[in-house]
Amino acid sequence: MTLRTIVKVDDDNPVLRMRAQVVPAVSRRIRDLMDDMVATMRDAEGVGLAAPQVGLDLQVIVVEVPEDLEEPDGPSRLWTLANPRVISLSEAMEEGREACLSIPDLFGDVPRHVDIVVEALDRYGRTQRLELSGFEARVFQHEIDHLQGILYPDRVTGPDKLYYLEEDAEGNWVKVPLAAPD
Ligand code: NI
């Protein structure tokens, strides 16, 4: 396994804004890529990674979410998928905090569908149908967006929804807006 370099928005690499190519078949090369992406995601302490983020114009994502969000180091669920697409989604939406390994230090409050159904190929090329909700559904929507060249700041409802977090003198995390209000 090889750690891949994560493309950042400041690199001006167009791959982050491209529509990724469909994977014709889950070959050995694609499985190796999935394994490298899992290693890279874990090394960066992320919960998801899309192939464009390692410079490849391919519809491949990996997601790893703790079973219990209160215990980030406990057991987790891991998906390695090609050609994921959302085939149905709930009308209900929920705003929640997101970050992206390609956009260092920034956070955003992003509206996402609460429940989604995703169809994708697993690492053996089998079609899988996944019913996801809450945080898992959020991470999948974020990663599938990457395959369309969409980054989470595109999805926020206003500039005040994008912010940095800085620790104040009392040790509290304080939001510092990306765009200072006029
Ligand atoms: Ni991202």
Side-chain angles (χ1 to χ4, degrees), residues 1-4 6-7 9 13-67 69 75-103 108 110-156:
M1 257 182 296
T2 313
L3 292 182
R4 307 270 181 139
I6 296 177
V7 178
V9 280
N13 185 332
V15 74
L16 287 180
R17 288 306 195 174
M18 288 163 72
R19 279 171 194 261
Q21 303 292 314
V22 169
V23 173
V26 185
S27 60
R28 171 76 188 274
R29 187 177 72 89
I30 295 294
R31 272 192 290 281
D32 287 347
L33 169 64
M34 288 169 168
D35 292 341
D36 288 355
M37 287 172 61
V38 169
T40 305
M41 167 181 68
R42 288 176 173 166
D43 181 67
E45 298 183 4
V47 291
L49 194 65
Q53 293 182 276
V54 294
L56 293 170
D57 173 24
L58 286 171
Q59 292 188 18
V60 174
I61 63 167
V62 299
V63 172
E64 187 171 44
V65 174
E67 284 176 17
L69 292 178
S76 60
R77 300 180 70 189
L78 174 68
W79 293 269
T80 58
L81 300 168
N83 306 341
R85 58 195 183 95
V86 177
I87 57 169
S88 76
L89 35 77
S90 64
E91 261 181 55
M93 304 201 52
E94 192 172 58
E95 204 172 70
R97 179 173 291 170
E98 294 185 23
C100 180
L101 295 175
S102 294
I103 313 176
V110 187
R112 298 286 188 187
H113 299 275
V114 177
D115 303 291
I116 60 172
V117 180
V118 169
E119 223 171 61
L121 299 178
D122 69 13
R123 59 187 290 111
Y124 305 106
R126 300 176 303 205
T127 300
Q128 298 284 340
R129 198 184 174 93
L130 308 168
E131 294 184 13
L132 303 155
S133 49
F135 186 66
E136 289 175 355
R138 172 173 299 281
V139 178
F140 270 80
Q141 287 167 85
H142 178 122
E143 301 312 328
I144 292 171
D145 269 357
H146 272 298
L147 304 181
Q148 299 294 319
I150 298 167
L151 302 173
Y152 79 82
D154 305 335
R155 297 277 193 200
V156 302

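Other residues, nucleotides and ligands place more than 12 heavy atoms under 6.0 Å from the CD atom of E67. Counting heavy-atom neighbours within 6.0 Å of R19 CZ, excluding the residue itself, gives a total of 12 or less.
Closest non-hydrogen pair, R138 versus E95, comes out as NH2-C, 3.4 Å. In this structure, A120 and P84 approach most closely via the heavy-atom pair CB-CA, 3.7 Å. The minimum heavy-atom distance between R123 and V26, with the atom names listed, is O-CG1, 3.4 Å. Here the shortest heavy-atom pairing between L147 and L58 reads CD2-O, 3.6 Å. Of all non-hydrogen atoms in A50 and M37, the two that sit nearest each other are C-CE, 3.6 Å. L81 and M34 get closest at one heavy-atom pair: C-CE, 3.6 Å.
Within the 3.5 Å criterion, the main-chain N or O of T2 finds a donor-acceptor partner in the side chain of D36. When atom types are taken as modelled, the side chain of E64 and the backbone of S76 share no donor-acceptor pair closer than 3.5 angstrom. For N83 (side chain) and V23 (main-chain N/O), a donor-acceptor pair under 3.5 Å exists by modelled atom type. Although no hydrogens or angles enter the test, the distance criterion places a donor-acceptor pair under 3.5 Å between the side chain of R17 and the main chain of G149. When atom types are taken as modelled, the side chain of S102 and the backbone of V7 share a donor-acceptor pair closer than 3.5 angstrom.
For the pair R155 and E98, the salt-bridge criterion is not met [side-chain N within less than 4.0 Å of a carboxylate O]. Between R31 and D35 no salt bridge is recorded (no basic side-chain N to carboxylate O distance below 4.0 Å).
Between R4 and L56, the closest side-chain pair of non-hydrogen atoms falls below 4.5 Å. With a 4.5 Å cut-off on side-chain heavy atoms, D115 and E131 do not count as touching. Within the 4.5 Å cutoff, the side chain of Q53 has no heavy atoms near those of the M41 side chain. Side-chain contact between T80 and V38: present, with at least one pair of heavy atoms (C-beta onward) separated by less than 4.5 Å. At least one side-chain heavy atom of W79 sits under 4.5 Å from a side-chain heavy atom of E136. Proximity of R129 to I87: side-chain heavy atoms (C-beta onward) are separated by under 4.5 Å at one or more points. A 4.5 Å side-chain heavy-atom check between R42 and L78 finds at least one atom pair inside the cut-off.
Each of V110, V114, I116 was evaluated against R112; a single residue qualifies, V110, per the side-chain contact (heavy atoms from CB on, under 4.5 Å) test.
Atom NE2 of H113 and atom CD of E91 lie 9.5 Å apart (nearest 0.5 Å). In this structure, L49 CG and E143 CD are separated by 6.5 Å, a value rounded to the nearest 0.5 Å.
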**OP:** In sequence, state the C-alpha distance, the side-chain angles, and the governing distance for F140 and V86, and then conclude on side-chain contact (heavy atoms from CB on, under 4.5 Å).
**Re:** CA-CA 9 Å; F140 270 80; V86 177; over 6 Å; no
**OP:** Let me see the working for V54 and L33 under side-chain contact (heavy atoms from CB on, under 4.5 Å), right down to the final yes or no.
**Re:** CA-CA 10 Å; V54 294; L33 169 64; 4.2 Å; yes
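Listed by chain and number, the residues in a side-chain hydrogen bond (donor to acceptor under 3.5 Å, both in side chains) with Q21 amount to none (sequence neighbours excluded). Shown here are the side chain to side chain contact (heavy atoms under 4.5 Å, CB included) partners of A25, two or more places apart in sequence or in another chain: there are none. For H142, the ring-ring contact (aromatic ring centres under 6.0 Å, His included) criterion is met by H146, Y152, not counting sequence neighbours.
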